There are 2 protein chains.
Amino acid sequence: MPAEAKVSAKVNKPAKVEARAAVPASPPLTERQEARRRRILHASAQLASRGGFDAVQMREVAESSQVALGTLYRYFPSKIHLLVATMQDQLEHMHGTLRKKPPQGATAAERVAETLMRAFRALQREPHLADAMVRALTFADRSVSPEVDQVSRQTTAIILDAMGQENPTPEQLSAVRVIEHTWHSALITWLSGRASIAQVKIDIETVCRLIDLTAPTGP
Amino acid sequence: MPAEAKVSAKVNKPAKVEARAAVPASPPLTERQEARRRRILHASAQLASRGGFDAVQMREVAESSQVALGTLYRYFPSKIHLLVATMQDQLEHMHGTLRKKPPQGATAAERVAETLMRAFRALQREPHLADAMVRALTFADRSVSPEVDQVSRQTTAIILDAMGQENPTPEQLSAVRVIEHTWHSALITWLSGRASIAQVKIDIETVCRLIDLTAPTGP
DNA sequence: ATCAAGTCTGAAACTTGTTCTAGATTAGCG
DNA sequence: CGCTAATCTAGAACAAGTTTCAGACTTGAT
């Protein structure tokens, strides 16, 4: 039988994903493989934290993580895949952090805005890392759709969490979609220096109004 | 004195731009230079229409437009610059087209949604071209900010046109910003196959509600 | 313990964006 | 016209993402 894992082709790259969780449902990795994967993601985040998207060079990631270039590509079929996976990783971490101190706002809109601003502040602490992750996310083509979708689901989960809404209406889900759009695009404009932090704040607060507008008890 | 133009360095690449118009304010180009520029943009759009972002290869653009590679880079300092300029070009064209038949909707929100859906339909006719332009736009880094800003201004102008609002309030401008965010991000999700045309429509209509919400005579 | 199948490594090769160079061309001025 | 500075061209060279390959290494099954 196989070797380090019983996968067929391409290392267990996160394929189809379970309905909710962030955990890939693909064949399990051996310990050593799991360790390699971690090393790679760590190196990726570290290099990204330095110089952003451009500083994440595949050869360097491979070297930093003590893995051959070919192996890196087996785990992550492209630089974009790698960075999107890095984002998944960071997002999970952030969701955990955010869960701990739930937002205080009185309305759902306030809580969502507060949560997103908290996330934004976290990103501001590592602007280069944010740059690498967000640029990869929006540049991703169809071949990365499953992974990008996963990030999107995770983001949706964070927002719904903040809303404290168990069973959102379709209208509310639309509002959440629009909020995500705004969130990503506002980050882009901030990262490329075309919008200030204050401007991003305003945009987030503006779009969050949609939540109240679509609240089940609303207008 | 100089040759084909009296520019200093880098061909008259659109620098600072006048307050409103889309016309670059830089030193004028010779006829031959203007012609070269047109050929390049045409080749860019043509290649993009075929295979999208990846199909726009600088060597091919240079060949198609009968220009040396070095010259291409003198006119457009990077592939991203080129594609963003291509977008400026197309946007101008589209703004002209849209002006002709103003939207019919009763409310500003309806008119904006109608206008954006009209633009969306136009993009659907050349999805590959849309792919190239939008991907370039969101991937652009700081070095392209002036040009991307110009595109943003043009988009804002189209939306304000549709609103029929001469003197928008700051709140309305915020709403317009959020609409633009949603517009760009929704296009991205559509282009990468993660959202359907119907979904994009819903998102546009949802975000356009913000306009009524912020109307001067509104709530 | 042995073996077959799959994995990892190291290095070279290939692709495409970007830069550089030497020489031919062009524009405008005197 | 003839000059000069800038532009254009052809082509090589460089950089980083991606692919490929032969051989060494692991793993799990027999």
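The structure presented is a predicted model; accordingly, all values stated were derived computationally and were not measured. Throughout, a chain's letter reflects where its sequence line sits, starting with A, and its residues are numbered from 1. Only heavy atoms go into these numbers, but all of them, side chains included; no hydrogens, no water, no symmetry mates.
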(request) Look at the side-chain N and O atoms of A:Gln33 and state whether any lies under 4.0 Å from the OP1 or OP2 oxygen of D:dT27. (result) no
(request) Return no unless some side-chain N or O of B:Arg32 is found under 4.0 Å from OP1 or OP2 of C:dA27. (result) yes
(message) If you count heavy atoms of other groups shown closer than 6.0 angstrom to CD of B:Gln124, is the number above 12?
(response) yes
(message) What I'd like to find out is whether the side chain of A:Arg39 reaches to under 4.5 Å of the side chain of A:His42, using heavy atoms alone.
(response) no
(message) Is the shortest side-chain heavy-atom distance between B:Ser185 and A:Thr182 below 4.5 Å?
(response) no
(message) Quiz question: by atom type and distance under 3.5 Å, do the side chains of B:Arg194 and B:Ser192 form a donor-acceptor pair?
(response) yes
Grab the N/O contacts between the protein and nucleotides 21-24 of chain D below 3.5 Å, and write none if there aren't any.
none

Between [N] atom [atom2] and [X] atom [atom1], what is the distance in whole Å?
| X | N | atom1 | atom2 | value |
| --- | --- | --- | --- | --- |
| B:Leu72 | C:dT19 | CG | C1' | 13 Å |
| B:Glu63 | D:dG11 | CD | P | 11 Å |
| A:Gln66 | C:dC8 | CD | C1' | 13 Å |
| A:Arg74 | C:dG6 | CZ | C1' | 7 Å |
| B:Ile40 | D:dT7 | CD1 | C1' | 13 Å |
| B:Glu31 | C:dA27 | CD | C1' | 13 Å |
| A:Tyr75 | C:dT7 | OH | P | 9 Å |

(request) To the nearest 0.5 angstrom, please state how far the CD1 atom of B:Ile202 sits from the OG atom of B:Ser196. (result) 7.0 Å
(message) If the threshold is 4.0 Å, N to carboxylate O, is there a salt bridge linking B:Arg118 and B:Glu114?
(response) yes
(request) Considering only NZ, NE, NH1 and NH2 on the basic side and carboxylate oxygens on the acidic side, decide whether B:Lys201 and B:Glu205 come within less than 4.0 Å. (result) yes
(message) Nearest to the A:Arg36 side chain among C:dT9, C:dC8, D:dT26, which nucleotide is it?
(response) C:dC8
Distances for protein N/O vs nucleotides 14-18 of chain D N/O pairs under 3.5 angstrom?
residue : atom : partner : partner atom : Å
D:dA16  : OP1  : A:Gln57 : NE2          : 3.1
D:dA16  : N7   : A:Arg59 : NH2          : 3.4
D:dG17  : OP1  : A:Val56 : O            : 3.3
D:dG17  : OP1  : A:Lys79 : NZ           : 2.9
D:dG17  : OP2  : A:Met58 : N            : 3.1
D:dG17  : N7   : A:Arg59 : NH2          : 2.5
D:dG17  : O6   : A:Arg59 : NH2          : 2.7
D:dT18  : OP2  : A:Tyr73 : OH           : 3.0
D:dT18  : OP2  : A:Lys79 : N            : 2.9
D:dT18  : O5'  : A:Tyr73 : OH           : 3.4
D:dT18  : O4   : A:Arg59 : NH1          : 3.3

(message) Taking ring-ring contact (aromatic ring centres under 6.0 Å, His included) as the cut-off, I'd like each qualifying pair that reaches into residues 115-155 of chain B, sequence neighbours left out, listed once.
(response) A:Phe53-B:Phe139, A:Phe139-B:Phe139, B:Phe120-B:Trp190
(message) Looking at every non-hydrogen atom in both residues, tell me the closest pair between A:Glu180 and A:Ser152 and how far apart they are.
(response) OE1-OG, 3.2 Å
